[in-house]
2 protein chains.
Amino acid sequence: MVSIKDVARRAGVSPQTVSNSLNNPAIVKPATRRLVIEAIEQLGYTPNASARRLRTQRSNTIAIGIAPVSYSRIYDRLLHALVTEADAHDIRVILYKTDSKQEELRQFEALTRGGDVDSFVLTDTEHGDPRLPWLIEHHQAFVLFGRPWGVADMYDPLVPWVDVDGRQGIADMTRHLILHGRKHIGFIGWPGLSGTGADRRSGWQRTLLDARMARPDELDSLCAYGEDRIGAGQAACVALLEQRPDVDAIVCVSDTLATGAIMALPRECDIVVTGFDNTASAQSLEFPTVDQPLTESARQIVRIIREQLDARAAGGATAGRDAAAGAGAGNSGAGGSGAGGEGDGDQLHVLLKPTIVVG
Amino acid sequence: MVSIKDVARRAGVSPQTVSNSLNNPAIVKPATRRLVIEAIEQLGYTPNASARRLRTQRSNTIAIGIAPVSYSRIYDRLLHALVTEADAHDIRVILYKTDSKQEELRQFEALTRGGDVDSFVLTDTEHGDPRLPWLIEHHQAFVLFGRPWGVADMYDPLVPWVDVDGRQGIADMTRHLILHGRKHIGFIGWPGLSGTGADRRSGWQRTLLDARMARPDELDSLCAYGEDRIGAGQAACVALLEQRPDVDAIVCVSDTLATGAIMALPRECDIVVTGFDNTASAQSLEFPTVDQPLTESARQIVRIIREQLDARAAGGATAGRDAAAGAGAGNSGAGGSGAGGEGDGDQLHVLLKPTIVVG
């Protein structure tokens with residue numbers, strides 16, 4: 001690697017003059033500076049990244065966890081979008097392992113103590129997530145991809161997030177089915193009261209009730225549940241069709257469950273199955289699905305992180321969030337405003353609209 | 001973040017003394033050193049990672065590319081295994097985007113000029129891969145996950161690799177089917193002459209011929225091909241069964257194609273379909289598959305990288321590879337020795353055995 005001394009020798013100046021030319025150019029004579037710049041270009045010198053970080057006290061690095069089993073089929077697409085967007089702003093992305101939430105806290109500790117990481121991107125948020133209090137207490141910048149389900153205030157400026165409005169995506173898909181003549185629309189979801197799953201189910205339920213396509217007392221008979229596996233989708237589809245042989249469309253909470261449901265359909269039947277995530281399976285089997293705007297999600301995540309870093313550089317670790325929160329109030333560049341009328345979105349809490357893909 | 005000055009103040013010594021206590025303890029009086037250590041522990045001080053890197057001229061960082069569409073269903077499992085193994089050796093993993101091989105060269109340039117990265121892990125190797133000459137020419141350490149298909153010398157010490165023996169996995173699966181009474185075993189592969197796909201197909205072909213379960217002139221009629229999508233697996237299965245209605249087992253080059261093949265099977269038929277990669281689809285649909293030892297792959301990749309770094313620290317960028325090559329000759333700790341009798345494997349070229357998963 002070319003060093004500052006090599007540049008100095010080539011330019012015929014001292015290493016201090018090279019350093020000044022880069023960091024404090026006003027004090028170097030223009031003719032000298034030109035010599036230095038020429039030498040830099042000839043030698044292909046780049047200031048050492050570690051030296052630059054030490055000088056700026058900023059690692060220009062963000063970290064995102066990776067789980068032993070992806071929590072989502074879109075994890076690698078999200079990673080690619082995040083790396084692409086970060087790269088455009090000269091920010092590095094490092095990966096750390098998250099075998100459990102407790103282990104993730106140890107990773108936070110190691111990465112922040114070494115000054116390795118400026119901000120964290122958290123995925124797979126859950127009720128009572130222990131990561132949020134830890135990061136807030138340690139004045140460590142972060143952004144969630146996903147909402148902090150279960151907290152009292154979803155719009156806490158200390159907990160910035162970017163998410164995709166799954167309820168709206170499922171509602172749009174259900175509307176599409178109604179408007180194309182489907183009369184008995186079932187739903188296959190995930191078991192339990194998970195934030196994301198319950199949110200998506202509510203999009204189906206509300207749309208059916210609004211359109212008077214189902215009575216409140218028959219909603220349960222139109223639902224079946226399974227873990228996010230193809231086999232579970234098959235079983236849920238069989239159960240649903242036993243409960244309700246009249247079903248002519250099935251809205252699934254994920255492409256994985258939709259793939260299973262399609263495999264369990266009777267041959268030659270006229271039942272439309274829809275998914276969520278626009279995975280290779282949906283494209284390949286050509287079933288309707290919901291596409292998450294991952295590029296825009298990554299863009300918003302990196303924007304928030306850059307504002308955190310800029311604000312921190314302007315003074316204090318927590319001042320960053322406060323400043324960004326102040327600047328963002330009432331101004332939603334990209335927040336989704338769902339048909340449900342939530343009117344969500346400030347600069348620190350961005351709810352993006354998904355798109356239905358109906359072939 | 002706690003600084004060296006904070007430690008000095010707490011210990012009642014100069015910052016230089018703190019620095020000496022850490023980097024050159026022999027010149028500091030034991031009593032003074034104890035004060036410094038106590039202050040470090042009380043304050044939770046960690047030497048700044050950037051400072052440490054600058055001092056050691058080693059970033060302890062490896063980089064791996066991420067493509068817009070994963071080249072493999074196991075990419076995220078490989079990433080997790082790599083991060084886990086690197087973490088155990090205090091090595092960071094950073095991600096960079098690889099939208100094309102040409103772009104990857106630009107990424108190499110940016111990451112190596114800043115001294116950000118010690119070694120690269122390359123996936124998705126292909127014939128005439130432009131990345132290898134670039135990295136070799138720039139004396140930049142790297143390890144392939146996958147073999148450098150198409151090169152003259154697969155065991156070039158300048159091109160270290162770790163791979164899983166796909167041919168053996170497919171051969172083992174084919175043997176298993178023969179030994180369980182299957183008489184007409186078809187194959188669904190990827191189109192083209194890709195290294196990995198052709199290697200796996202040869203495992204099926206050789207096993208059938210050795211067992212005299214097919215004549216050489218009927219091999220073509222037992223094969224069908226498709227891109228790695230479920231829909232293509234369906235189409236290939238339909239085509240194969242038209243060509244050869246007698247087929248009673250189908251060995252597929254991937255779980256994705258196997259999933260499609262299963263969907264295209266006539267109901268109630270007795271045809272076994274097998275896959276490759278042990279994905280969630282194989283587990284969920286309970287078809288036999290081949291499991292790649294990704295944890296061991298990551299362990300071998302990180303071992304080679306650590307030897308590269310150690311050797312480089314001992315002198316010279318290329319000396320590292322030479323030293324490791326010398327040390328490794330004739331000593332294969334983990335190289336697979338396939339039943340085909342290849343006897344592959346030295347310390348820089350590790351071919352691991354996969355495992356068949358037959359439920």
Side-chain angles (χ1 to χ4, degrees), chain A residues 1-2 44-55 57 59 61 64-70 75-77 79-84 86-87 90 92-97 99 107 110-116 228-234 256 259-260 262-263 267 280-281 283-286, chain B residues 1-2 44-55 57 59 61 64-70 75-77 79-84 86-87 90 92-97 99 107 110-116 228-234 256 259-260 262-263 267 280-281 283-286:
Chain A
M1 210 167 62
V2 179
Y45 169 72
T46 314
N48 180 282
S50 297
R52 191 178 61 231
R53 283 176 196 145
L54 200 58
R55 202 170 54 236
Q57 290 291 314
S59 68
T61 301
I64 182 167
I66 181 165
V69 176
S70 285
Y75 179 80
D76 53 358
R77 279 168 57 206
L79 267 192
H80 182 266
L82 191 64
V83 169
T84 300
D87 186 67
D90 203 22
R92 305 264 177 251
V93 177
I94 82 173
L95 280 177
Y96 61 91
K97 70 186 180 120
D99 294 3
Q107 294 279 352
L111 290 167
T112 55
R113 284 173 91 186
D116 268 350
D228 206 41
R229 290 178 286 106
I230 293 176
Q234 287 181 296
T256 305
T259 300
I262 286 171
M263 295 182 71
R267 301 248 154 158
S281 299
Q283 290 157 22
S284 175
L285 296 174
E286 299 183 338
Chain B
M1 211 168 60
V2 178
Y45 169 72
T46 313
N48 180 282
S50 298
R52 191 178 61 231
R53 283 176 195 145
L54 200 58
R55 202 168 55 234
Q57 290 291 316
S59 67
T61 300
I64 183 167
I66 181 165
V69 175
S70 285
Y75 179 79
D76 54 358
R77 280 168 57 206
L79 267 192
H80 182 264
L82 191 65
V83 169
T84 300
D87 186 67
D90 202 22
R92 305 264 177 252
V93 177
I94 83 173
L95 280 178
Y96 62 91
K97 70 187 180 119
D99 294 3
Q107 294 279 351
L111 290 166
T112 55
R113 284 173 92 186
D116 267 350
D228 206 41
R229 289 178 287 106
I230 293 177
Q234 287 181 296
T256 305
T259 300
I262 286 172
M263 295 182 72
R267 301 249 154 156
S281 299
Q283 290 157 24
S284 175
L285 296 174
E286 299 182 341

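Per chain, numbering begins at 1; letters A, B, ... match sequence-line order.
- With sequence neighbours left out, B/R77 forms a side-chain hydrogen bond (donor to acceptor under 3.5 Å, both in side chains) with B/D291.
- Neither the backbone nor the side chain of B/Q283 comes within contact range of chain A, judged by heavy atoms closer than 4.5 Å.
- Rounded to the nearest 0.5 angstrom, A/T84 OG1 and B/Y96 OH are separated by 13.0 Å.
- Considering OG1 of B/T259 and CE of A/M263, their distance stands at 7.0 Å, rounded to 0.5 Å.
- In this structure the side chain of A/D99 reaches within 4.5 angstrom of the side chain of B/H80, judged on heavy atoms.
- Here B/Q234 pairs with nothing under the side-chain hydrogen bond (donor to acceptor under 3.5 Å, both in side chains) rule; sequence neighbours left out.
- A/L79 contributes atom CG, which lies 8.5 Å from atom CG of B/D76 (distance to the nearest 0.5 angstrom).
- Considering all non-hydrogen atoms of both residues, A/L285 and B/I230 come closest at CD2-CG2, 3.5 Å.
- In this structure, A/I94 CD1 and B/L95 CG are separated by 10.0 Å, a value rounded to the nearest 0.5 Å.
- The most heavy-atom pairs under 4.5 Å with chain A, out of B/R229, B/R267, B/E286, come from B/R267.
- What you find for B/A232 and A/S284 is that their closest heavy atoms are N-OG, 4.4 Å.
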